[in-house]
Amino acid sequence: YRYNAESTNNRTRAPMKDVRQEYHAPGLTEADLLADPVEQARRWVDEAIDAGLPLANAMTLATVSGHGRPSSRVVLLKGIEDGGFVFFTHHDSRKGDDIAANPNVSFVMFWGPFDRQLIVNGRAEKLPAQQAREYFASRPRDSQLSAAISPQSRPTTREQLEADMANLAQQHPEGDPIPMPETWGGYRITPEEIQFWHGRPSRLHDRFRYLKQGTTWTRERLAP
């Protein structure tokens, strides 16, 4: 896909307030949902992946700093295991700093073709280093190189990044393992609240919330 600014600028655009799309998904009832919301979330993610939706595992992760400043960004969900949701990043990035100061996080996954939205609120904690190393070693070589040289969330230049990546590639020829940076690793988000949203006509959407009560989950329908 190539963005053509000229053709876009010459096209008559509808006012933003008039941009809307009707939803036509079938209804979502309690009978459609599993008792375990983590397994229900896995089912929705798997269905999006199996359908070949673009970046079906993308999630918008929101964190809050120790000073109460929120920030959000898209990261990739890399697993649902041990009752939680796993992603990987630099521990000394902005999100890593936020989580160190305040482990309460939230993320949203949206699959437009399915008219589905998943919302998870919970607490993030670091994964064991060995688990992070195993995942790091499974990544494509260029992804390992870029993660190893990136001072994530800090000022830099394109030239510096490319030079550092080329230097590291030269230090570790093809076939030579790329060392995982000590500042890189994974997090598991243990959910405390999970919502399942299903678009319906006339914006009368279906929306269910699960809340963790000790070791069990309660479920209720919410107004859209």
Side-chain angles (χ1 to χ4, degrees), residues 1 3 16 19-21 23 25 28 33 37-127 132 135 139 143 146-147 150 152-154 184-200 203 205-212 222-224:
Y1 170 78
Y3 175 72
M16 189 180 300
V19 176
R20 59 175 51 86
Q21 177 177 313
Y23 298 100
L28 181 67
L33 297 168
V38 176
E39 289 307 309
Q40 180 64 48
R42 185 197 306 276
R43 174 179 290 183
W44 273 20
V45 174
D46 286 346
E47 288 175 356
I49 293 172
D50 291 344
L53 300 188
L55 289 177
N57 62 329
M59 62 186 198
T60 301
L61 174 70
T63 59
V64 179
S65 73
H67 300 291
R69 293 185 178 275
S71 62
S72 59
R73 75 292 291 162
V74 176
V75 299
L76 297 180
L77 177 67
K78 287 299 181 178
I80 301 176
E81 55 190 47
D82 297 328
F85 301 84
V86 172
F87 71 96
F88 294 85
T89 189
H90 287 266
H91 292 314
D92 59 352
S93 63
R94 178 170 181 175
K95 60 181 126 9
D97 289 343
D98 284 357
I99 291 171
N102 183 350
N104 295 297
V105 302
S106 179
F107 73 81
V108 177
M109 302 181 79
F110 179 68
W111 301 283
F114 287 172
D115 295 339
R116 288 177 176 176
Q117 183 176 193
L118 171 70
I119 306 169
V120 176
N121 298 323
R123 294 175 64 86
E125 61 180 349
K126 287 183 180 179
L127 293 175
Y135 173 71
R139 304 180 81 202
S143 296
S146 63
S150 175
Q152 195 174 88
S153 301
R154 289 165 176 75
W184 194 91
Y187 291 91
R188 179 185 295 109
I189 299 172
T190 300
E192 298 171 348
E193 175 183 344
I194 301 180
Q195 291 189 33
F196 297 90
W197 177 97
H198 221 303
R200 295 294 303 278
R203 299 300 192 267
H205 311 308
D206 289 317
R207 183 180 172 197
F208 289 92
R209 175 172 66 181
Y210 290 73
L211 292 172
K212 193 72 175 287
L222 299 179

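The backbone N or O of Asn104 sits less than 3.5 Å from a side-chain atom of Asn102, completing a donor-acceptor pair. Under a 3.5 Å cut-off, the side chain of Trp111 and the backbone N or O of Ala56 do form a donor-acceptor pair. No donor-acceptor pair under 3.5 Å is formed between the side chain of Asp115 and the backbone N or O of Gly199. Side-chain atoms of Arg94 do not come within 3.5 Å of backbone N or O of Ser153 as any donor-acceptor pair. At least one donor-acceptor pair closer than 3.5 Å links the side chain of Ser106 to the backbone N or O of Val120.
The two residues Gln40 and Leu33 make their nearest non-hydrogen contact at OE1-CA, 3.4 Å.
The distance between the ring centers of Phe196 and Phe208 does not fall below 6.0 angstrom. Taking the six-membered ring for Trp and the full ring otherwise, His91 and Trp184 have centroids separated by 6.0 Å or more. Aromatic pair His198/Phe114: centroids not less than 6.0 angstrom apart.
Residue pairs satisfying the side chain to side chain donor-acceptor pair (under 3.5 Å) criterion with at least one member in residues 45-55, sequence neighbours excluded, are listed as follows: Glu47-Arg116.
Within a 6.0 Å sphere centred on NZ of Lys212, heavy atoms belonging to other residues, nucleotides or ligands number more than 12.
No side-chain donor from either of Asp98 and Ser65 sits under 3.5 Å from a side-chain acceptor of the other. A donor-acceptor contact closer than 3.5 angstrom links the side chains of Arg73 and Ser71.
Ring pair Phe85/Phe107 is perpendicular by interplanar angle, where above 60° counts as perpendicular and below 30° as parallel.
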